[in-house]
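In what follows, a structure is listed as structure tokens, so that the remarks can point back to it.
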Amino acid sequence: MRHLMSPLDFSIEELDQLLDLAGDIERHPEKYAHACDGKKLATLFYEPSTRTRLSFEAAMINLGGNIFGFSSAASSSAAKGESVSDTIRMISCYADICAMRHPKEGAPMVASTVSSIPVINAGDGGHQHPTQTLTDLLTIRSLKGRLDNLVIGLCGDLKFGRTVHSLVRALARYQNIKFVFISPEELRIPGYIKEDVLEANHFPYKEVERIEDVMPELDILYMTRVQRERFFNEEDYIRLKDFYILNNKKMKLAKEDMIVMHPLPRVNEISVEVDKDPRAAYFRQVQYGVYVRMALILTLLEVKVC
Ligand code: NCD
């Protein structure tokens with residue numbers, strides 16, 4: 001039995017197969033409409049989510065399966081003091097697979113050690129968000145046609161943004177990727193990612209503060225929200241929250257075929273005027289998230305569709 005804790009749990013070949021499967025699902029959804037008949041997905045969300053939880057639920061429904069779960073710690077037995085380990089042992093009796101989001105780093109990993117069903121990490125604190133990364137990889141491969149030879153700018157809260165941490169790890173396995181980290185001083189990418197992932201593998205990267213300075217060289221601009229819930233004090237959040245606002249004026253500096261991605265939710269970091277720009281890919285990214293989660297559920301449940 002396999003779980004998904006980090007995007008690195010899949011080899012590059014396995015990832016290719018998963019993205020190919022997601023592509024086939026996009027082209028022939030009807031083929032998969034009953035692939036998970038009678039199967040159940042539990043969504044255990046101890047932290048707020050709209051996209052990720054509903055995307056998992058839509059994915060399982062599209063496969064003909066059933067869904068149940070909770071969407072906040074307050075509405076689960078965690079409020080009575082139940083441990084994650086006990087909860088997952090119990091859920092293992094009800095469901096065939098589960099997706100767990102938790103504010104504490106490593107909680108889904110703890111769950112996976114006692115679970116008798118596949119556990120998917122749907123985001124653990126400021127650590128990892130592997131299914132968002134699968135979504136991002138599918139989006140990049142579909143819209144840019146490749147996962148290598150890319151200059152990617154990651155902008156915003158690179159310190160607390162788990163989607164950035166997972167995506168950097170995943171892309172650092174491909175050839176000729178250049179990372180440009182765009183953030184204020186206080187929200188820089190953590191040192192452990194620079195040392196363990198980038199420097200250890202001799203990956204070129206640079207860190208800048210002004211988005212305008214690097215815009216013309218980017219193939220992808222990955223915007224992120226300042227992660228209010230992970231700040232220790234509100235004043236810092238207020239000072240930093242509007243540090244970057246992508247607008248049409250800044251988009252004029254970008255390549256004709258650059259794409260703008262965002263894991264969403266957006267707050268102010270992308271002005272709504274950019275939504276009409278054909279390079280804005282963040283709503284298409286949401287759709288890719290459903291296909292890739294369908295592919296992931298099929299893969300972890302070892303369901304084959306001919
Ligand atoms: C992201 C997350 O939860 O980390 N959202 C998502 O899953 N699409 C990004 C965010 O909340 O800023």
Side-chain angles (χ1 to χ4, degrees), residues 4-7 22 41 43-59 69-73 98-109 119-140 152-170 181-184 187 189-190 193 220-231 236-237 240-246 259-270 275 280-294 296-297:
L4 179 71
M5 293 298 127
S6 147
L41 164 81
T43 48
L44 316 178
F45 277 60
Y46 295 84
E47 216 187 32
S49 163
T50 309
R51 238 154 323 275
T52 305
R53 184 170 59 84
L54 297 185
S55 164
F56 268 112
E57 297 185 354
F70 53 82
S71 56
S72 73
C98 81
M100 178 185 285
R101 168 168 288 192
H102 203 286
K104 288 226 172 73
E105 288 80 2
M109 173 70 91
V119 178
I120 301 168
N121 177 4
D124 61 328
H127 186 217
Q128 297 249 22
H129 194 343
T131 63
Q132 181 63 46
T133 298
L134 299 180
T135 303
D136 299 340
L137 295 179
L138 180 62
T139 307
I140 295 170
I152 176 164
L154 298 120
C155 177
D157 188 346
L158 310 185
K159 180 178 180 187
F160 296 115
R162 56 192 170 197
T163 62
V164 169
H165 304 163
S166 285
L167 184 58
V168 169
R169 280 181 194 280
F181 298 113
I182 310 156
S183 74
L187 298 179
I189 190 99
I193 295 193
I220 299 166
L221 173 61
Y222 193 95
M223 295 296 295
T224 61
R225 165 182 77 89
V226 176
Q227 306 279 299
R228 179 182 204 159
E229 63 277 36
R230 309 210 196 282
F231 272 69
D236 286 346
Y237 170 72
L240 293 167
K241 73 182 172 67
D242 293 329
F243 204 91
Y244 297 107
I245 299 182
L246 182 68
I259 56 168
V260 183
M261 297 173 62
H262 191 307
L264 303 179
R266 116 177 100 180
V267 187
N268 286 329
E269 58 279 358
I270 304 180
D275 297 358
Y282 29 93
F283 292 116
R284 280 174 282 169
Q285 205 176 336
V286 174
Q287 181 64 66
Y288 286 122
V290 179
Y291 300 138
V292 96
R293 289 186 175 93
M294 289 170 74
L296 178 65
I297 292 170

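Side-chain atoms are counted along with the backbone in the values below, which use heavy atoms only and exclude waters and symmetry mates. Note that ligands are numbered from 1 as they come in the structure, with each ligand's atoms numbered from 1 the same way. All of these numbers come straight from a predicted model, not from anything done at the bench.
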task: Look only at the side chain of Ser72 and the backbone of Tyr46, and say whether a donor-acceptor pair between them is shorter than 3.5 Å.
output: no
message: Between Gln132 and Asp136, do the side chains contain a donor N or O and an acceptor N or O under 3.5 Å apart?
response: yes
- prompt: Taking N or O atoms only and a 3.5 Å limit, does Glu229 qualify as a polar contact for ligand 1?
  reply: no
query: Is the shortest distance from a Lys or Arg side-chain nitrogen in Arg230 or Glu47 to a carboxylate oxygen in the other one below 4.0 Å?
result: yes
message: Pairs of nitrogen or oxygen atoms closer than 3.5 Å, one from Gln227 and one from ligand 1: do any exist?
response: yes
message: Is it true that, when you exclude Met109 itself, more than 12 heavy atoms of the residues, nucleotides or ligands shown sit nearer than 6.0 Å to its CE?
response: no
query: What class does the angle between the rings of Tyr282 and His262 fall in, given that below 30° is parallel, 30 to 60° is tilted and above 60° is perpendicular?
result: perpendicular
query: Identify the closest protein heavy atom to atom 3 (O) of ligand 1: which residue and atom is it, and at what distance?
result: Arg162 NH2, 2.9 Å
- prompt: Which residue holds the protein heavy atom closest to atom 10 (C) of ligand 1, what is that atom called, and what is the gap in Å?
  reply: Arg225 NH2, 3.4 Å
statement: Looking at Thr52, Val164, Thr163, the heavy atom closest to atom 1 (C) of ligand 1 belongs to Thr163
- prompt: Quick check: does any side chain N or O of Arg293 sit under 3.5 Å from a backbone N or O of Phe56, one acting as donor and the other as acceptor?
  reply: no
query: Does Pro265 come within less than 4.0 angstrom of ligand 1, counting non-hydrogen atoms of the residue?
result: yes
message: What protein heavy atom lies closest to atom 6 (C) of ligand 1? Include the residue and the distance to one decimal.
response: Leu264 O, 3.4 Å
message: With the threshold set at under 4.0 angstrom, would you say Glu47 reaches ligand 1 through any of its heavy atoms?
response: no
